[in-house]
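Values below: every heavy atom of this structure, side chains too, minus hydrogens, waters and symmetry copies. Just so we're on the same page: letters track the sequence lines, and every chain starts at 1.
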2 protein chains.
Amino acid sequence: MLKKQLIMEKALELFSEQGFESTSVQQITERCGISKGAFYLSFKTKDELLVSMVEYYLQQFVTEIDQVVRGSLSKDVILVEFYKSIFQAFKKHSASARVFFNEKVLLTKKELFQKISAYDAEMSKSIIYMLEQLYRDELHKTKYDVMYCIKGFMKSYAELFIFSDIPLDLDQLAKSLAEKTDIIARHTTIPFITEDLVQLTAKPCNEEVTKESLLELIDQHLSGLEESIERDSLELLKFQIDDLTYSKAIVKGLIENIRLRPEHRWVAYMLKKFFKI
Amino acid sequence: MLKKQLIMEKALELFSEQGFESTSVQQITERCGISKGAFYLSFKTKDELLVSMVEYYLQQFVTEIDQVVRGSLSKDVILVEFYKSIFQAFKKHSASARVFFNEKVLLTKKELFQKISAYDAEMSKSIIYMLEQLYRDELHKTKYDVMYCIKGFMKSYAELFIFSDIPLDLDQLAKSLAEKTDIIARHTTIPFITEDLVQLTAKPCNEEVTKESLLELIDQHLSGLEESIERDSLELLKFQIDDLTYSKAIVKGLIENIRLRPEHRWVAYMLKKFFKI
DNA sequence: TTGACAAGTGACCAATTAGTCATTAGTATA
DNA sequence: TATACTAATGACTAATTGGTCACTTGTCAA
């Protein structure tokens, strides 16, 4: 488990410097100080490494946003906090942002295209949730357009973080974009993005959270977890999936236990979806 | 000259399907129906092909936008026409868009990073020109932010064209984005992007149009041009660069002659810059 | 000290790569 | 027809690639 993380970190450095295809397994193992054989003990192929990385880093990003959006912030700061956390993430993880937001070669591999689209759809859902909380039914016709605008702001301003390291005033940026978002939300009248269109583009990731995939995910996390409250909680939840015995309140509490560790936020997020909490 | 074009076209197809690094010279020559040796008669290396392609396709795009922006359209349609032409281009050249707007591995090669940044800066200038025409000094504090928003809208909505071929109503889209742009321009009060910041990010492409580079560009175009009015015009302009004898009016007319052919728009654009017309 | 088993090694392999160059095909002039 | 030229070929090379596997090392309990 730790070896895997080491490889992913060093690989991320190299990918962000040279790109995925131009980086050889040899280079990765050299930077890790391990042998080629050791690499193939952790990952079956080079592609599998990439898939794991996409999962690992995009999960972090998507979950972080969702947490801000669903956190109990007051309405007048939520937009500012939303943007602040996004650009904080871009700043902190500029290497992974470079790889996963820009190296779209990734998208030529079908499996990854679906994975990345799915994470993108998750992010869209979070944004829509935020807009619904903020504006209720004021913008029922234009909410998807506003969502596209927000994603556009993110992409455009993210370049400042990804391709240079100029010191920037995050607070000012967040305020500026929050204002723009509010203005757009309040004044837009001509919609373009319809619900159907969103569903069309998000098709490949419509899959529900299946029992199987969830169980697999849990086992994966259990394997790297020593005896602890978190482990117990996760095991209890695992049985809960097949056979619902405890009340919603208990389940929610167990999930909360898990979410405390940042590396388990994603499982928590998926569990919440499954149990509809 | 024609062979080069054939190679660039087929290479574009392959790059958009598989990415640059995953496409071999062999594959390119096979799709062209030529031998490997023939490829290396047109391009010294695989990298040189990529550079030529960036120049060829981004030039087209940037010049097209500039033409719309500087065309004599009335103020109330210019924004709509701007967006319409942009997304028309995305639709028509979705393959090159996929490669050059998304495969940012390109950016790990320094030479290309500078080239692409330079074209991006050209586009930014066109957008700023448009905003200045539309709003005069109404938005002197926020024009760079509005420019960033416009680029964000482009990036966000472009995905609809690049990653799917859903039939879309271009007019509706253009209207919708024009409205959003106008709203942002009129209401934004908190600026973030300052002139200095723009200059910082655009540093590598600040170079003026030098005599040498312009002469080289002209020779390049002359080499593939039979006897014609265009050829005569271009030759006259070539001498004009070293020794200004004709009036501005004549020079402008000569440039206009050249611009009639779409493949020469870029030379025309650079000449205009050089002669400050 | 022994033995058993997992963790780790790196020489090795077949396949593929970008790029070269001696050779040939095609064409225009004399 | 002979000559001189360029355009085009594809077998070749040297290097690199992702991936394997017979082997060594380290770490336990007995």
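The side chain of B:Ile34 sits closest to D:dT9 out of D:dT9, C:dA18, C:dT9. When the nucleotides C:dT9, C:dT17, D:dG10 are ranked by their closest atom to the side chain of B:Ser24, C:dT17 comes out on top. Listed nucleotides: D:dG18, C:dG19, D:dT9. Nearest to the side chain of B:Tyr40: C:dG19. Closest to the side chain of A:Leu41, from the set C:dG8, D:dG10, C:dG19, is C:dG8.
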*asked:* Quick one, A:Glu235 with A:Lys238, criterion salt bridge (charged side-chain N to carboxylate O under 4.0 Å, His left out). Give me CA distance, side-chain angles, the key distance, then yes/no.
replied: CA-CA 5 Å; A:Glu235 274 174 341; A:Lys238 188 180 159 187; over 6 Å; no

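Taking side-chain N and O atoms only, B:Lys3 has a distance below 4.0 Å to OP1 or OP2 of D:dA8.
Rounded to a whole Å, the NZ atom of B:Lys36 is 13 Å from the P atom of D:dT13. For the pair B:Phe43 CZ and C:dG19 P, the interatomic distance rounds to 13 Å; values are reported in whole Å. Atom pair B:Phe39:CZ and C:dA18:C1' shows a separation of 9 Å (rounding to whole Å applied). Remark: P of D:dG18 and CD of A:Glu48 are 15 Å apart, rounded to the nearest angstrom. Atom CD in A:Gln26 sits about 11 Å away from atom P in C:dG10, given to the nearest Å. Straight-line distance from the CD atom of A:Gln27 to the C1' atom of D:dG18: 13 Å, rounded to whole Å. If you measure from atom CG of B:Leu50 to atom P of C:dA18, you get 13 Å, rounded to the nearest angstrom. Separating the CD1 atom of A:Ile28 from the P atom of D:dT16 is a distance of 17 Å, rounded to the nearest angstrom.
No side-chain donor-acceptor contact under 3.5 Å links B:Ser94 to the backbone of B:Phe90. Remark: side-chain polar atoms of B:Lys46 are paired, donor with acceptor, to backbone N or O of B:Phe20 under 3.5 angstrom.
Note on A:Lys92 versus A:Glu64: no salt bridge recorded, every NZ/NE/NH1/NH2 to OD/OE distance being 4.0 Å or above.
Using a 4.0 Å heavy-atom criterion, one finds that A:Thr29 contacts no nucleic acid atom at all. Using a 4.0 Å heavy-atom criterion, one finds that B:Lys46 contacts the sugar-phosphate atoms exclusively.
Separation of the A:Phe239 and A:Tyr246 ring centroids does not fall under the 6.0 Å cut-off.
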